Amino acid sequence: MEPLTFDSNDVGLVEATVSRLYSRMRIGAVGERTRAHITRRVMAPEISFDDLDYSFDIGYSAEPQGLMIICDVVSNTIRREGEGGDEVFGPGDQFLISRPDLPYAGVAHATRLQFTLIDPALLTRVAATGKADEADPVRVLDHRPVSREAALQLRRSIAYVRDSVLDAPDAAQAPLVVSTASQYLAARVLQTFPTTAVSTPSTADRHDASPSTVRRAVAFIDANPDLELTLTDIARAACVTPRGLQLAFRRHLDTTPMSYLRRVRLDHARDELCAATADDGRTVATVAARWGFTHSRFTQQYRSAYGELPSRTLRDGMITTSRSSA
């Protein structure tokens, strides 16, 4: 996926472009004004965000593709055609316009849409399903969210990633920020749509939820906080399933593996702020991004953990370091 800005009133060119962006598609236009405007912003190879604005009614019939496309309707309506009958979605509605490996068709009525495109492989890596080395691909079972509340939470998560990660230059270029945001969004998608991911621990998972599992996982996290770790990565290092790992952390530490990882990274960020000097160019934003935090989230979590703003720690660190070197 590559960034794109497209604007045209040529229906043939619109058809060729949307076929290239999504999947082979036939479209039909109704009305004299046929302008289409599409922009794509890419956060990671597996996640991108599209804004689409059609000034005309556009009918589409598309072949299957490998991506999941979450559609948020901004204005007017879009009709989804399916075996169970047609459905109409309006402003504020959210649904999967495309599920992996299934064709899709409908009519967009001079509408503005926001697409979130996700490679389902990311969902498989994030989902707590199966053995760490034998995770079955996660399949999405329905195009509708499990509840309006779940859809609202996903919409807020998408807005946070678009606004706080993509629009923050330092954050968007930081691998840990992108990795953390990608996993956060994938986890929210798994909570929003019905899937084949299984979250209930098995008997074996309960047996594996032991102090030794926690020790192995903690040792791995402590040694590798700068890597782009997923729950599956940590479970593999601890020789248990992701579900067993989650249960072990809940049972013995009253937290989750990913929450523990965030706290370890927060501690490393604090160490960097304390060791800052006036001429090393270190800022709260750069330190936060290096350890996987956007600036706003970092400030909130830092203050909650240490009782002071990170800017205060940075300032005090510079003063202390300056005195020590004098």
Side-chain angles (χ1 to χ4, degrees), residues 1 41-50 67-70 72 94 96 114-129 135 138 140 145-147 149-193 195 197 199 217 221 224-235 242-243 245-246 249-250 255-266 268-269 285 288-302 304-305:
M1 292 186 279
R41 294 189 293 167
V42 178
M43 186 180 76
E46 297 162 316
I47 298 181
S48 65
F49 302 91
D50 293 0
L67 295 174
M68 170 191 294
I69 303 179
I70 302 166
D72 283 287
Q94 182 184 78
L96 292 178
Q114 289 185 336
F115 284 177
T116 302
L117 291 81
I118 299 180
D119 187 329
L122 176 62
L123 301 186
T124 299
R125 289 205 307 273
V126 170
T129 178
V138 171
V140 182
V146 295
S147 69
E149 178 61 27
L152 177 61
Q153 292 296 328
L154 177 57
R155 191 174 298 111
R156 289 172 176 168
S157 298
I158 291 172
Y160 162 72
V161 172
R162 288 174 64 121
D163 297 341
S164 297
V165 178
L166 286 181
D167 289 346
D170 290 338
Q173 300 303 317
L176 285 187
V177 171
V178 173
S179 173
T180 300
S182 299
Q183 292 182 55
Y184 164 72
L185 198 54
R188 184 65 70 184
V189 170
L190 288 166
Q191 295 170 359
T192 302
F193 295 98
T195 71
S199 58
I221 292 171
N224 301 284
D226 57 330
L227 299 184
E228 300 175 31
L229 299 178
T230 66
L231 177 66
T232 301
D233 294 329
I234 303 170
R243 292 192 300 271
L245 181 68
Q246 289 177 315
F249 269 70
R250 281 295 184 194
T255 188
T256 67
M258 303 312 288
S259 293
Y260 179 83
L261 173 60
R262 283 193 296 272
R263 181 54 192 255
V264 171
R265 288 174 173 169
L266 201 63
H268 279 275
R290 184 177 301 117
W291 289 104
F293 301 93
T294 57
H295 191 278
S296 59
R297 288 285 179 93
F298 180 68
T299 298
Q300 295 169 2
Q301 294 182 28
Y302 191 95
S304 176

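Given the structure is predicted, the values throughout are model-derived calculations rather than measurements.
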For a quick check under 3.5 Å, do Q183 and S179 share a side-chain donor-acceptor pair by atom type? yes

Can you find a heavy atom in the side chain of V178 that is under 4.5 Å from one in the side chain of S182? yes

Taking the side chain as C-beta and beyond, is there a heavy-atom pair between I118 and L67 under 4.5 Å? no

Indicate whether the side chain of Q246 and that of R243 have a donor and an acceptor atom separated by less than 3.5 Å. no

With a 4.5 Å limit on heavy-atom distance, are the side chains of R156 and L152 in contact? yes

Any side-chain heavy-atom pair from V138 and L190 closer than 4.5 angstrom? yes

Heavy-atom closest pair (F193 atom, V140 atom, distance to 0.1 Å) is CB-CG1, 4.2 Å

Between OH on residue Y260 and CD1 on residue I221, distance to nearest 0.5 Å: 6.5 Å

Pairwise distance CG(D50) to CD1(I70) - rounded to 0.5 angstrom: 12.0 Å

Measuring from atom OG of S157 to atom CZ of R162, what distance do you get when rounded to the nearest 0.5 angstrom? 13.5 Å

Spatial distance of atom CG (D226) from atom CG (N224) [nearest 0.5 Å]: 6.5 Å

Show the nearest heavy-atom pair for residues S164 and T294, with the distance to one decimal. O-CG2, 3.7 Å

Atom of A235, atom of L245 and distance for their closest heavy-atom approach: N-CD2, 3.6 Å

For residues T192 and Q94, determine if any side-chain heavy atom of one lies less than 4.5 Å from a side-chain heavy atom of the other. yes

State, to 0.1 Å, how close V165 and A181 come at their nearest heavy-atom pair, and which atoms those are. CG2-CB, 3.9 Å

Can you find a heavy atom in the side chain of T255 that is under 4.5 Å from one in the side chain of F249? yes

Nearest atoms (heavy-atom pairs only) where T232 meets P242: OG1-CG, 4.2 Å

Straight-line distance of Y184 OH to I158 CD1, nearest 0.5 Å: 10.0 Å

Identify the heavy atoms of V177 and A289 that sit nearest to each other, and give their distance. CG2-O, 3.3 Å

Residue pair L185 / T116, side-chain heavy-atom distance below 4.5 Å: yes

Tell me, do F298 and L266 make a side-chain contact under 4.5 Å, heavy atoms counted? yes

For Q300, is there any backbone N or O sitting under 3.5 Å from a side-chain donor or acceptor partner on S304? no

Separation of R262 CZ from T256 OG1 (nearest 0.5 Å): 5.5 Å

Under 3.5 Å, is there a donor-acceptor pair between the side chain of R265 and the main chain of P225? yes

Kindly indicate, with the supporting measurements, whether the criterion side chain to side chain contact (heavy atoms under 4.5 Å, CB included) is fulfilled by D233 and T230. CA-CA 5 Å; D233 294 329; T230 66; 3.1 Å; yes

Cation over ring, R297 on Y160, under 6.0 Å and within 45°? yes

In sequence, state the C-alpha distance, the side-chain angles, and the governing distance for L117 and M68, and then conclude on side chain to side chain contact (heavy atoms under 4.5 Å, CB included). CA-CA 6 Å; L117 291 81; M68 170 191 294; over 6 Å; no

Take L229 and L261 through the side chain to side chain contact (heavy atoms under 4.5 Å, CB included) test and state the conclusion after the steps. CA-CA 9 Å; L229 299 178; L261 173 60; 4.1 Å; yes

